[in-house]
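Beneath this line is the structure, given in structure tokens, with notes to follow.
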Amino acid sequence: MMRRVSDLFEELRSRSVFRALVAYSVASWMLLQVADVTFDRLPLPDNAMTVLIVLVAVGFPVAAILAWGYEFTVQGIVRHEKTSGGAPRMPFILYVGIVAVVALVTGSLLYFLSQNYWEPSRRSIAVLPFTNTSDDADTDYFSDGLTEEIQSLIVRLNEFRVVALSTTSQLKGTVTDVASIANRLGAEVVLTGSVRRYQNKIAVTARLIDGGDGGELWSENYDRQLSDIYTIQEDIARRVARALHVVLPVSSERRLKNLGTRNIDAYDSYLRALDYLRQPPDETTLLLAEEFLRQALAIDPGFAKAHAAMCKKHLAGYRLSHDPVRFGAAEQACQRALEIDEDSAEMHFALGDLYQASGKNENAIHEYEEALKDNSNIADIYIGMAMTYSAQQRVEEAEANLRLAIEADVSYWASFNAMGNFLFNQSRFLEAAEFYQMFVSRADDDARALNNLGAAYYLAGEFRRAAEAWDESLAIKPTRGAYANTGSMYFYLGEFDKAADRYAYAANLAPNDYQLWGNLGDAYSYSSDMQRAAQAAYLRAIRLGEQKLAINDGDVAAISDVAYYNSRVGNYKKATAMSDQAASLAPNDMYVHYNAALIHMQLGNIDEVLSSLERAVELQYQPELLSLDPAFDKLRDEERFKRLGSKKPE
């Protein structure tokens, strides 16, 4: 065996195969270097570099085979036998077979390793809001829309970690050096630029900046017809990839296909709609967004991005109102967008969110998984997966996906907020506060962040820190969350009139939130001469809660809450049945057992009240709140109740 191997190497040496392969490798390397510099300047297809690399790789075994049979001499290229005069030690066919097998095995091994073990590092990029340099300041919607479209295209490439647009948009109008911005966002490179729209033309300047030293990696000026806007966007995405030495595979090239419209009026209406969709959702902004999207689709019914935006609009509307009609409209718009753009991770993600919100958990997981196949770097997809797993009581999988969301984009506030919400619901309040604090540090002047932080401190028993966070939240922007939380604080302090005022403010801001009306009913029920108002609030809470259950009949929180509200208006049989249903669906939910205790209190079943409260405390319900809860005033002298107040959650 060793002799055969020795004979093979001697034959390869005598035929100058090694020398030929070294020469081929050097020539190939030089060719690729020249191509890397010149291909960008030549009118070649975008995948020309990929094709050249494949040809060079295929040419390697071909060179090995040709080197066996031929040699370069002063007389030209001649067969080896004419120069050596000797008989070959190995038949030519056997040699070809060995080369083919080695090439096949090597190629297969490299492919296997690349798919299973070699995960190429993805460079992180932040797309900053492009500056509007037009004479008309009212065209900000156009420059903001162009920024969003370019960022979306770079995300679709699935080759980079892209900082979330909601994070970078906070920097609009700030004057800060690029290095500081990059450090703050955790980005290696920053794409910035300007947009000027005039007549039927557009001028765009794009610059790619190194986040480390502030050096310019690439820049380009475009001055073209407005109808070329999609061509400009796609070119910027490709040039960014080239500047970062990323060779786009065929799958990424396919994602850059033109999904827009050549009708500039349709495109303009679409960008105006996006401007409203970027604002905090309310009925007014959603109505205006829908109006512009209908205009765009009336002009171009095949405008995929407009259908996608309509899907997002209806989804936002459904989340506000839980209206079944909006649910159907959102599903229809999402499906229409997918028919046109089957590779859209964004649309699979939107459908996943829709199914998750409606309790169709298996459908949601399927859509999220489809989205991850197209792009594994979108933090929001992992957040959606986590919420779905959490609804299924698959706690470990939920937490794992939230950590993947944070890993996908360490600058994205929503990942930290979602992790805080998850830990909060697991009664891990101080851990939740840590993530909410990270949310605060990533979202400047965000009232929600401070409101959530205050809620975590409050349930952890850190009342002073909770009050400070809520005061800051209300100073920034009055929100239903801050009003509701301060209402709860006054409620447990026994100041029921103040609590009712805060809950009423919250309900005015979110009139379709059934829990706010239930809270208002609680506050009124302990206020003097407000019993009729309390009954009206409970009845409205029941009606709104049942509307939500019409969409998602497995919503445990809604089932448990509506059960309690029914007990407050005398529907005891229905209250008991719904409470039992909630307990069967989520036997380890502390709020289900707390609500069960409230219902038994209405029925006068003291033993059941105490058993339910004991179970709630075992599941981490805060015993300090029980000592302040007016619902249990009649139990203050009960020894079992006193022991509950002395317990600490483990």
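For R394 and Q392, the side-chain atoms include at least one donor-acceptor pair closer than 3.5 Å. Under 3.5 Å, the side chains of D353 and Y368 contain a donor-acceptor pair of N or O atoms. For D522 and Y538, the side-chain atoms include at least one donor-acceptor pair closer than 3.5 Å. A donor and an acceptor atom, one from each side chain of R615 and N588, are located under 3.5 Å apart. In this model, a donor atom of one side chain and an acceptor atom of the other lie less than 3.5 Å apart for D380 and Y412. Y457 and N452 share no donor-acceptor pair across their side chains, judged by distance under 3.5 Å alone. A donor-acceptor contact under 3.5 angstrom links the side chains of Y436 and N421, judged on distance only. Side chains of Y355 and E331: a donor on one and an acceptor on the other come within 3.5 Å. One side chain, S560 or N595, offers a donor N or O that lies under 3.5 Å from an acceptor on the other.
Between A541 and G518, the closest heavy-atom pair is CB-N, 3.6 Å. Smallest separation of non-hydrogen atoms from I381 and A371: CD1-CB, 3.5 Å.
Rounding to the nearest 0.5 angstrom, the gap separating the OH atom in Y492 from the CG atom in D629 is 5.0 Å. Here the CD1 atom belonging to I551 is positioned 12.0 Å from the CZ atom belonging to R326, to the nearest 0.5 angstrom.
In this structure, the side chains of W470 and L453 stay at 4.5 Å or more apart for every pair of heavy atoms. Inter-residue side-chain proximity for D589 and L619 is flagged as unmet; no heavy-atom pair is nearer than 4.5 Å. In this structure, F491 and P630 have side chains that are in contact, with non-hydrogen atoms separated by less than 4.5 Å. Counting only heavy atoms from C-beta outward, the side chains of R448 and N417 never approach each other to under 4.5 Å. Here the side chains of Q426 and V395 are in contact, with some heavy-atom distance below 4.5 Å. S525 places none of its side-chain heavy atoms less than 4.5 Å from the side chain of M530. Looking at heavy atoms from C-beta onward, R403 lies in side-chain contact with M419 at the 4.5 angstrom threshold. Contact of the Y565 side chain with the Q515 side chain is registered, since non-hydrogen atoms from C-beta on lie closer than 4.5 Å.
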Q356 vs M385, test: side chain to side chain contact (heavy atoms under 4.5 Å, CB included). Steps then yes/no.
CA-CA 9 Å; Q356 189 276 326; M385 287 279 279; over 6 Å; no
Show, in sequence, the C-alpha distance, side-chain angles and deciding distance for D497 and S527, and conclude whether the side-chain hydrogen bond (donor to acceptor under 3.5 Å, both in side chains) test is met.
CA-CA 6 Å; D497 290 338; S527 299; 3.2 Å; yes
Check against side chain to side chain contact (heavy atoms under 4.5 Å, CB included), N363 and L351
CA-CA 9 Å; N363 290 6; L351 267 177; over 6 Å; no
Walk me through it: do H314 and E290 pass the test side chain to side chain contact (heavy atoms under 4.5 Å, CB included)?
CA-CA 9 Å; H314 286 309; E290 182 175 2; 4.0 Å; yes
Going through the checks in order, is the side-chain hydrogen bond (donor to acceptor under 3.5 Å, both in side chains) test met by D561 and Y514?
CA-CA 9 Å; D561 290 338; Y514 75 93; 3.2 Å; yes
Could you go step by step and tell me if E468 and R465 meet the salt bridge (Lys or Arg N to Asp or Glu O under 4.0 Å) rule?
CA-CA 5 Å; E468 291 173 355; R465 298 172 78 178; over 6 Å; no
Pair L628, L493 - check side chain to side chain contact (heavy atoms under 4.5 Å, CB included), show working.
CA-CA 7 Å; L628 300 173; L493 291 174; 5.7 Å; no
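The backbone N or O of I599 sits nowhere less than 3.5 Å from a side-chain atom of S567 that would complete a donor-acceptor pair. At distances below 3.5 Å, at least one donor-acceptor pair connects side-chain atoms of D555 with backbone N or O atoms of A558.
Heavy atoms from other residues, nucleotides or ligands lying under 6.0 Å from CG of D529 number 12 at most. By the neighbour-count criterion of 12 heavy atoms within 6.0 Å, atom CZ of R636 is densely surrounded, having more than that number from other residues, nucleotides or ligands. Heavy-atom contacts from other residues, nucleotides or ligands closer than 6.0 Å to CD of E339 number more than 12. Environment of CE in M387: sparse, with no more than 12 heavy atoms of neighbouring residues, nucleotides or ligands closer than 6.0 Å. The number of heavy atoms from other shown groups lying within 6.0 Å of CZ (R480) does not exceed 12.
Proximity of the aromatic rings of F429 and F424 is defined here by a centroid distance below 6.0 angstrom, and this criterion is met. Ring centroid separation for the pair W517 and Y503 does not come in under the 6.0 Å cut-off. You'll find the ring centres of Y483 and Y505 inside the 6.0 Å limit.
Note on K642 versus E639: salt bridge recorded, some NZ/NE/NH1/NH2 to OD/OE distance being below 4.0 Å. Of the charged side-chain nitrogens involved, none lies within less than 4.0 Å of a carboxylate oxygen, so that E472 and K477 do not count as a salt-bridged pair.
Using cut-offs of 30° and 60° for the angle between ring planes, the F292 and Y276 rings count as parallel.
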